[in-house]
Amino acid sequence: MEDTENPSGAIQEAVTLMRAALRSLDAARTNLNGADAHLQMAIDAASGVAPLGEGASIEDEAASLNLLTVDKTVVRAMGGALALFATLLSRQGLVTSAEVGELLGIFAVVTGEEDRTEGLILGCWAAMIRDLAARQG
C-alpha cells in the first residue's frame, strides 16, 4: 500500500480509510473503549493537525487562529443549552451525556472539513458536553 512515488497520496488514502472506519464505529453505537478517540487522534496526526497544548481549550485554539468570528456569548449559551438537553436525554436513559459529546465531536471534525469556523463552534459545544459528562461521573 506504500506509495514511495507519492507519499502525500498514500497519507491521503490512509486518512480517507480512517475516516470511513470512524463513521463505521459511529454507526455501530457500541462501547468503543476509546477506539474512536484514538482513531480521531491518528487522523489529526496524519493530517498535520497539532494537538492542543497542556491546559489549552478549543476556545483558546479558535481565538489564536482568529477563526471564531461569532459572538462568544452566543456560542457559550448554545453549548449550555445543548449540555442541558444531553443531561435530560441521559436521565431518560436514552443516551449518556458522554456519548452525546463524543458524537458531536465527530460531527464537528467532519463539519470542520467544509467550514472550519462551524467545526470549531461544534467542537466547543462537544467539549462543553464532555466536561459536563466528566463532572457527572
Side-chain angles (χ1 to χ4, degrees):
M1 181 169 175
E2 185 176 325
D3 187 351
T4 55
E5 304 260 336
N6 184 4
S8 64
I11 292 170
Q12 181 106 17
E13 180 182 1
V15 169
T16 299
L17 291 170
M18 287 188 286
R19 285 188 177 129
L22 191 58
R23 284 190 298 273
S24 295
L25 287 172
D26 180 42
R29 294 187 184 263
T30 60
N31 182 1
L32 302 175
N33 295 321
D36 52 344
H38 290 288
L39 190 52
Q40 185 59 58
M41 288 188 324
I43 292 168
D44 290 345
S47 301
V49 176
L52 292 177
E54 181 70 30
S57 71
I58 193 150
E59 290 174 325
D60 297 332
E61 180 75 4
S64 71
L65 295 172
N66 198 22
L67 294 173
L68 205 52
T69 57
V70 297
D71 185 346
K72 289 181 184 179
T73 304
V74 173
V75 172
R76 287 189 183 111
M78 284 299 302
L82 289 171
L84 172 70
F85 285 110
T87 299
L88 293 173
L89 291 170
S90 180
R91 285 185 182 171
Q92 292 296 316
L94 299 173
V95 64
T96 66
S97 296
E99 186 176 2
V100 172
E102 289 172 21
L103 293 174
L104 188 56
I106 293 168
F107 180 61
V109 170
V110 173
T111 300
E113 292 175 15
E114 296 293 320
D115 185 324
R116 185 145 171 97
T117 303
E118 189 175 337
L120 283 170
I121 292 169
L122 290 166
C124 286
W125 293 341
M128 291 174 76
I129 293 170
R130 284 189 205 132
D131 287 347
L132 171 76
R135 286 192 304 264
Q136 289 175 338

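Computation of the quantities below employed the complete heavy-atom set of this structure, encompassing side-chain atoms and omitting hydrogens, waters and symmetry-equivalent molecules. These numbers come from a predicted model, not from an experiment.
- By the side chain to side chain contact (heavy atoms under 4.5 Å, CB included) test, Ala108 pairs with Leu122, sequence neighbours left out.
- The side-chain hydrogen bond (donor to acceptor under 3.5 Å, both in side chains) search around Glu113 returns Arg19, not counting sequence neighbours.
- Note on Leu84 and Met128: separate hydrophobic clusters, where clusters join Ile, Leu, Val, Met, Phe, Trp and Tyr whose side-chain heavy atoms are under 4.5 Å apart, directly or indirectly.
- By the rule that hydrophobic residues join a cluster once side-chain heavy atoms approach within less than 4.5 Å of another member, Leu89 and Leu132 end up as members of separate clusters.
- Looking at every heavy atom in both residues, Ala86 comes nearest to Ser97 through O-OG, 3.4 Å.
- Remark: Phe85 pairs with Leu88 by the side chain to side chain contact (heavy atoms under 4.5 Å, CB included) rule, at least two apart or across chains.
- A distance of 9.0 Å separates CG in Leu120 from CG in Asp115, rounded to the nearest 0.5 Å.
- Between Trp125 and Val75, the closest heavy-atom pair is NE1-O, 2.7 Å.
- The list of side-chain hydrogen bond (donor to acceptor under 3.5 Å, both in side chains) pairs with a residue in residues 83-96, not counting sequence neighbours, reads Thr87-Gln136.
- Here Asp131 pairs with Arg135 under the side chain to side chain contact (heavy atoms under 4.5 Å, CB included) rule; sequence neighbours left out.
- Atoms CZ and CD, from Arg130 and Glu99 in turn, are 12.0 Å apart once rounded to the nearest 0.5 Å.
- Residues Ile129 and Phe107 share a hydrophobic cluster, clusters being chains of Ile/Leu/Val/Met/Phe/Trp/Tyr side chains in contact below 4.5 Å.
- With sequence neighbours excluded, no residue forms a side-chain hydrogen bond (donor to acceptor under 3.5 Å, both in side chains) with Gln12.
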